[in-house]
Amino acid sequence: MSATDTTTSATMDAAIATTSAMRAETTGAGPGSGARAGAGTASGARRTGAVHRLGPVAEIPVGEARAYAVDGQQIAVFRLRGGGLRAVDAVCPHAGGPLADGQSDDAVVICPLHAHVFDLSTGESASGAEPLGCYPVGLAADGTLEVTV
Amino acid sequence: MTITENTPITPSRTGTSPAAKAISAVPAQREHRQTPAGGRQRLVVVGNGMAGIRAVEEILARGGADLFEVTVFGDEPYGNYNRILLSNVLAGADTEDEIFLNTPEWYTDNGIRLRAGTRVTGLDRYARVVATEDGTVTPYDKLIIATGSRSFIPPIKGLTGPDGQLPGGVFAFRTIDDCRSMIAFAGGRRTAAVIGGGLLGLEAARGLQTYGLEVHVIDAAPTLMNQQLCAEAGGILRRGVEELGITVHPGARTAQVLLAADETGDGETDGGAAGDGGGLGRAVGLEFADGTRLDVDMIVVAAGIRPNVDVGLRGGLTVERGIVTDDQMRSVDDPDVYVVGECAQHRGQVYGLVAPLWEQATVLAEHITGVNPDAAYHGSKTATKLKVAGVAVAAMGLKDAEHPDDEVVRFVEPRQGVYKSVVIRDGKLVGATLLGDTAKSASLIQAFDHGLPLPEERLKLLFDIGLPAAEVGAAEMADEAQVCNCNGVSKGKIVACVKGGMKTVPGVMNATRAGKGCGSCKTLVKEIVEWAADGDVEDDPSANWYVPGVPMDKPTLMAAVREQELRSVSAVFAALAPDGREDAASKMALTSLLRIVWGGDFVDERDGRFINDRVHANIQKDGTFSVVPMIAGGVTSPDELRRIADVAEKYSVPMVKITGGQRIDLLGVRKEDLPKVWADLDMPSGHAYGKSFRTVKTCVGKDFCRFGVGDSTALGVAIEQRYHGLESPGKLKLAVNGCPRNCAEGLIKDVGVVAIDGGRWEIYIGGAGGAHVRKGDLLATVDSPEEVMTLTGRFLQYYRENGKWLERTYTFVPRVGIEKIRAVVVDDTEGIAADLDARIQESIDAYRDPWLERDEPATPGQFRASLPLVSLPRVPVR
Ligand SMILES: Cc1cc2nc3c(=O)[nH]c(=O)nc-3n(C[C@H](O)[C@H](O)[C@H](O)COP(=O)(O)OP(=O)(O)OC[C@H]3O[C@@H](n4cnc5c(N)ncnc54)[C@H](O)[C@@H]3O)c2cc1C
Ligand code: FES
């Protein structure tokens with residue numbers, strides 16, 4: 001069940017490679033990418049490279065996530081116990097579950113509705129769901145969350 | 001025709017699933033040479049499905065890798081998967097990944113060239129080549145055709161376009177892609193019709209219900225599963241199916257499919273995927289021969305299958321219903337062309353179930369490898385044993401008498417949904433049907449397969465009468481008796497696997513695939529493994545861990561937690577998990593355990609809780625929550641009811657429902673509204689969301705009921721007020737009955753109390769009345785409500801400390817044994833009763849109504865929306 005299972009690390013690496021390739025393709029697509037976004041798939045979200053300021057990091061309890069509306073998209077930001085931040089699509093591609101309500105650890109989030117598991121760094125699902133979109137997220141000097149979509 | 005040097009692998013069509021992705025990533029290997037490599041013959045397999053790959057596996061098992069260079073063509077862009085489990089995928093019970101039988105690595109590891117996503121369109125037997133869509137040709141020395149079947153689309157007006165393509169909203173049910181399109185389309189639709197009332201149609205109907213659709217089964221035949229069942233059994237099945245909420249239209253002839261123009265740009269379909277109709281319009285309803293109509297949003301066609309014989313026809317092979325073969329599974333026209341699976345016709349029979357295909361594949365492999373040139377297939381007797389839409393069905397041979405001398409024994413109990421019949425000819429079993437209760441199917445299938453002599457007392461065929469010796473136990477079964485009918489695994493194979501050193505049940509299941517189909521044989525597999533291992537079965541160690549992320553069983557973990565004073569979930573991971581790694585899937589269970597161990601001294605990390613326990617409400621499918629205020633013992637007041645009604649109106653609650661536990665459920669409340677709803681209700685939490693003590697159901701008791709002998713209401717209210725909300729391994733539902741009439745259903749509760757004459761009380765534990773039904777075991781009969789209170793609490797604490805995570809009392813009580821529990825809880829043989837009492841008292845003292853968090857949220861944004869752009873509720877308002 002657990003996506004942190006070490007035996008899957010080889011396939012995980014492959015998955016990471018695939019996602020980054022995919023990301024490069026979508027960001028690099030330029031004006032033409034609008035058509036793809038219109039298809040409305042979970043991972044086909046619009047990417048403009050714009051940085052959005054969301055709010056103070058203190059809004060997110062350690063180990064949990066909160067959802068934000070960012071330029072018409074819904075993004076869940078996770079504050080990891082290990083110290084990092086992760087931003088992924090807030091809506092589960094399986095059946096629309098609210099991922100910010102899911103339980104998570106430093107590697108994955110489990111959707112609260114049917115327990116599909118998603119890697120927070122790559123968006124890939126260890127349980128066979130479609131992948132999530134992932135977004136760069138960090139802290140500005142003043143402690144404000146910043147996400148790039 | 002030209003033979004190309006290097007053919008690129010056709011890219012997968014969907015490219016999104018991990019499996020598909022992995023396949024297109026397999027590097028294109030060098031194309032075949034003109035002459036066989038290293039003396040090996042070129043074996044080409046057309047059809048990458050269950051029969052084709054099984055044949056390849058059997059060939060490899062007979063040293064085939066030294067004889068053949070294997071190339072497999074598959075129309076579907078995936079590795080071989082278990083088609084049977086598509087029903088589970090549709091119903092959401094299995095994920096796509098779980099059903100794959102052969103991964104891309106399997107093909108590479110075995111040196112097999114897989115051409116997934118490549119359809120074979122031509123066969124030239126004189127040139128000995130097959131051709132694919134893109135015009136490339138591949139030579140063979142030996143050919144296996146295993147192209148299976150496709151869904152039969154009946155010639156109904158509007159159902160197909162000129163090229164056989166389906167309009168929008170119309171689906172076949174045969175492939176992973178069919179499943180995906182159905183699942184993608186079903187979301188948000190209201191009604192679906194399934195054309196066909198056979199096995200597949202019913203499975204599709206059941207699966208579609210998962211998506212909240214109202215489902216109609218349109219069956220041209222008068223009886224469901226007409227092929228296997230007689231009218232009477234079909235009628236019983238129909239009742240079972242209708243109880244699930246599926247509407248059956250028997251004998252309904254569909255005259256045409258009503259179409260509406262395609263609405264484009266609605267964003268629901270994705271570039272050319274099935275379901276979008278490709279310009280044919282979209283199905284909106286059905287019109288029947290009698291002129292009546294049914295409005296539907298989607299249609300699934302499950303009206304039978306047709307063998308894929310095109311490749312045979314192109315090659316000039318004899319084709320009737322299927323491609324005609326001899327007893328070695330070769331085409332009758334060409335000794336170098338083998339045919340296996342649903343596309344093969346052997347002695348006039350074409351099979352549509354997997355079991356015969358395994359036998360065919362074995363014969364083929366024995367023959368083609370030369371291991372046994374005399375191997376011959378003599379046809380299969382097919383027996384079906386499965387669960388159709390939740391109803392257990394076993395059927396074999398004749399469904400009713402056909403000769404005047406045929407003997408039929410039949411037992412029918414419609415109210416229970418049970419039908420059993422056997423057909424006997426010349427003292428041999430020639431047919432049997434079991435519905436609702438298939439306990440006897442294993443022995444019947446054996447008698448049917450092997451023509452065993454039958455007991456004089458024919459009733460014994462249908463029931464275990466007297467001693468259970470009549471049951472064929474693991475020891476008595478013949479080695480070649482088939483255990484898993486889905487994957488064709490015999491008892492002998494399972495035994496061999498155990499003798500080969502595999503000592504865990506899951507290990508044997510993975511290695512042999514026994515029990516990996518519909519799963520109905522799992523118990524038998526377990527028995528055989530235990531028998532073969534002679535009691536030396538090893539448990540999969542992780543099966544005993546309390547949680548997946550910490551390698552310890554519950555007692556060891558509890559001891560470590562106490563000893564090292566680990567009071568928070570993160571402390572447990574840091575101290576006890578491998579590399580100190582936290583694990584999301586373990587957090588909830590650890591939170592529960594720590595609370596039980598530490599009571600008020602537990603360090604509460606909110607991320608350790610499941611969402612329900614973070615916001616004290618039960619999450620619903622659209623992300624809203626259900627709110628159930630505490631109504632102890634089911635006794636409320638006009639004032640409370642008024643407040644509930646006001647809240648329901650003020651917050652536009654979509655549904656107000658009386659629950660089975662005698663509570664009132666407000667469904668569809670937005671997360672942001674929860675604190676306000678609780679404040680307006682001004683009632684404590686009813687705990688209808690956690691793994692905890694939930695409710696005590698009561699009957700009206702002696703103050704009002706003329707039969708009542710004890711004050712069940714007062715006792716029920718008192719028990720609930722004392723123990724409610726205490727966390728436990730699984731949820732706890734209790735009841736108190738005022739008399740043995742059992743109106744509050746105390747006999748099927750985790751703890752059930754029954755007043756009996758003379759002011760005494762019986763306490764039952766371990767009952768269940770949900771998906772699992774079990775009558776509780778009598779723990780004790782006591783003289784006073786006080787004793788009921790004490791023993792209840794003591795049992796609850798014993799269960800809290802010893803139950804496995806999510807183990808309900810109906811599993812816990814039989815596992816530990818009622819005698820043992822009685823000894824500890826009632827007779828105090830271990831001398832721990834006082835400790836148990838003290839520890840549950842601590843938990844009670846630490847209890848605080850979680851709904852008070854409305855005034856001071858426990859975390860920032862505790863009640864903030866998690867789908868900020870979705871307007872909730874999305875559930876229908878009633
Ligand atoms: C939903 C569902 C539930 C089922 N449940 C059960 C059950 O409970 N019990 C049971 O016994 N059976 C069940 N079956 C039937 C069982 O799945 C089939 O009997 C079995 O899959 C047949 O195997 P096969 O290899 O002959 O055909 P398939 O598994 O269909 O494989 C044939 C493959 O060949 C490919 N192909 C076809 N033509 C070409 C071509 N020209 N070029 C290249 N490739 C081609 C196809 O795409 C397909 O992948 C079920 C079937 C379905 C659809
Ligand atoms: S909605 Fe996320 S798992 Fe189903």
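Note that the structure is predicted; figures quoted are calculated from it, not measured. Here is how names work: the chains are called A, B, and so on, in the same order as the sequence lines, proteins then strands, and each is numbered from 1.
- The closest side-chain heavy-atom distance from A/H116 to B/T95 is below 4.5 Å.
- To the nearest 0.5 Å, atoms CD (B/Q862) and CZ (A/R66) are separated by 8.0 Å.
- Residue B/L867 holds its CG atom at 10.5 Å from SG of A/C92, rounded to the nearest 0.5 Å.
- With chain A as the partner, the residue from B/T859, B/I183, B/D622 showing the most heavy-atom pairs under 4.5 Å is B/T859.
- Across all their heavy atoms, A/A90 and B/S866 have their closest contact at CB-O, 4.2 Å.
- Shown here for A/S104 and B/A584, the closest heavy-atom pair between the two residues is C-CB, 3.5 Å.
- A salt bridge is defined here as a Lys NZ or Arg NE, NH1 or NH2 lying under 4.0 Å from an Asp or Glu carboxylate O, and A/D101 with B/K671 meets this definition.
- The closest donor-acceptor contact from the side chain of A/Q74 to the backbone of B/L869 lies under 3.5 Å.
- For B/S586, no part sits under 4.5 Å from any heavy atom of chain A, backbone or side chain.
- Applying the salt bridge (charged side-chain N to carboxylate O under 4.0 Å, His left out) test to every pair with at least one member in residues 109-118 of chain A, sequence neighbours left out, gives no pairs at all.
- Using a 4.5 Å cut-off between heavy atoms, B/V615 makes no contact with chain A at all.
- Minimum interatomic distance between B/F610 and A/Q103 (heavy atoms only, all atoms of both residues): N-NE2, 3.6 Å.
- Summarising the geometry, atom OG belonging to A/S125 is positioned 10.5 Å from atom CD belonging to B/E96; distances are rounded to the nearest 0.5 Å.
- Within residues 51-64 of chain A, the residues that have a heavy atom under 4.5 Å from a heavy atom of chain B are A/A58, A/E59, A/P61, A/V62, A/G63, A/E64, listed by number.
- In B/R874, the CZ atom is not crowded: 12 or fewer heavy atoms of neighbouring residues, nucleotides or ligands sit closer than 6.0 Å.
- In this view, B/D673 and B/R670, B/K676 satisfy the salt bridge (Lys or Arg N to Asp or Glu O under 4.0 Å) rule, not counting sequence neighbours.
- Taking the side chain as every heavy atom from C-beta outward, A/P98 and B/I619 approach each other to under 4.5 Å.
- Top candidate by heavy-atom pairs under 4.5 Å with chain A, chosen from B/R614, B/R606, B/K621, B/Q620, is B/R614.
- Residues satisfying the salt bridge (Lys or Arg N to Asp or Glu O under 4.0 Å) test with A/R81, not counting sequence neighbours, are B/E605, B/D607.
- Here the straight-line distance linking atom CG of A/D106 with atom CG of B/D583 works out to 11.0 Å at 0.5 Å rounding.
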